[in-house]
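In what follows, a structure is listed as structure tokens, so that the remarks can point back to it.
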Amino acid sequence: MLEYLKSVKEKSSSGFFKEVYRLVAKVPRGRVATYGQIAALAGRPTAARYVGFALSSSPDGLELPYHRIVNRTGRLAPDPVFGDQSIQRKLLRREGITFLPDGRINMKKHLWK
DNA sequence: CGCGTGACGTCTC
DNA sequence: CGAGACGCCACGC
């Protein structure tokens, strides 16, 4: 699995992945986007899972704002991805993003577009 | 064409 | 609120 992802990012053969990277990079500071949203913009409304996939294999060199991508309910990515969710939360808060009492992101207020 | 793989999404218990 | 269960799908083999 990781192998093919590697080849994908090296060859940039996948238009979908490439599109995902492009879109994610466009997310402005202080805003967040959802997997499903990115997927839809990338032309694959139902391929939300793959968005996360693309991000987890983010190409070296490209500094994508992973932390701005969250799932629909405002939940952050699982701990393993950032080592600890608190890291992602810190990054987001630093950009002015607010959290709800339950630790989820205030989607209404910060959702991209 | 089928199999395996998930940073998803949404619905039950 | 936590844990499953499904359905979703691009992409390499």
Side-chain angles (χ1 to χ4, degrees):
Chain A
M1 200 49 173
L2 273 70
E3 283 307 313
Y4 96 75
L5 283 176
K6 196 172 183 180
S7 69
V8 165
K9 66 178 176 183
E10 288 179 350
K11 299 178 183 175
S12 291
S13 57
S14 170
F16 178 69
F17 277 46
K18 203 176 174 186
E19 192 65 6
V20 170
Y21 297 140
R22 193 175 68 71
L23 291 168
V24 171
K26 285 177 61 177
V27 179
R29 217 168 141 278
R31 287 293 178 70
V32 297
T34 69
Y35 298 99
Q37 180 179 21
I38 296 297
L41 292 174
R44 300 293 171 325
T46 54
R49 318 189 62 160
Y50 247 55
V51 174
F53 229 5
L55 293 181
S56 68
S57 65
S58 63
D60 303 321
L62 295 185
E63 284 183 26
L64 298 177
Y66 313 24
H67 53 287
R68 300 197 190 118
I69 311 302
V70 295
N71 61 4
R72 209 46 178 165
T73 61
R75 180 117 178 47
L76 298 181
D79 294 2
V81 183
F82 283 87
D84 186 330
Q85 283 196 351
S86 65
I87 297 176
Q88 183 174 15
R89 279 214 303 224
K90 222 168 193 173
L91 288 171
L92 291 170
R93 220 179 320 233
R94 196 175 300 163
E95 298 187 347
I97 288 175
T98 57
F99 290 80
L100 299 175
D102 59 11
R104 296 185 307 117
I105 288 179
N106 187 333
M107 299 302 279
K108 301 255 185 181
K109 190 172 181 182
H110 301 294
L111 184 61
W112 188 33
K113 283 186 175 178

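Numbered from 1 within each chain, the chains take letters A, B, ... in sequence-line order. Just so it is clear, the model here is predicted, and its values are computed rather than measured.
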Discussion item. Considering only residues two or more places apart or on different chains, which pairs with a residue in residues 69-82 of chain A satisfy salt bridge (charged side-chain N to carboxylate O under 4.0 Å, His left out)?
Written reply: none
Discussion item. Rounded to whole Å, how long is the line connecting atom CZ of A:Phe53 with atom P of C:dA10?
Written reply: 13 Å
Discussion item. Exactly one of A:His110, A:Arg93, A:Lys109 should register a side chain to side chain donor-acceptor pair (under 3.5 Å) with A:Thr98. Which one does?
Written reply: A:His110
Response to the item:
With the side chain defined as heavy atoms from C-beta on, A:Thr46 is closest, among C:dA10, C:dC8, B:dG6, to C:dC8
Worksheet entry | Length of the CZ-P vector between A:Phe17 and C:dC11, whole Å | 6 Å
Discussion item. Quick one, A:Val81 and A:Gln88 - any side-chain contact, counting heavy atoms below 4.5 Å?
Written reply: no
Worksheet entry | salt_bridge(A:Glu95, A:Arg68) N-O dist < 4.0 Å | yes
Discussion item. Within the structure provided, determine whether A:Lys26 and A:Trp112 are in side-chain contact (heavy-atom separation under 4.5 Å).
Written reply: yes
Worksheet item: Taking DNA chain B as the partner, which of residues 81-113 of chain A come within under 4.0 angstrom of it by heavy atom?
Response: A:Val81, A:Phe82
Item to complete: Find out whether A:Phe53 and A:Val20 are in side-chain contact, i.e. whether some heavy atom of one side chain is under 4.5 Å from a heavy atom of the other.
Response: no
Practice prompt. Any chance you could measure A:Arg44, atom CZ, to A:Phe16, atom CZ, to the nearest 0.5 Å?
Written response: 6.5 Å
Discussion item. Looking only at the aromatic ring of each residue, does the gap between the centers of A:Tyr50 and A:Phe17 stay below 6.0 angstrom?
Written reply: yes
Item to complete: Could you work out the separation of B:dA7 and C:dC13 based on their C1' atoms and round it to a whole Å?
Response: 24 Å
Discussion item. Taking pairing as Watson-Crick or G-U wobble with both contacts under 3.5 Å, can you name the mate of C:dA3, or confirm there isn't one?
Written reply: B:dT12
Response to the item:
For nucleotides 8-13 of chain B, 5' to 3', base contacts (B), sugar-phosphate-only contacts (S) and non-contacts (-) with protein non-hydrogen atoms under 4.0 Å give BSS---
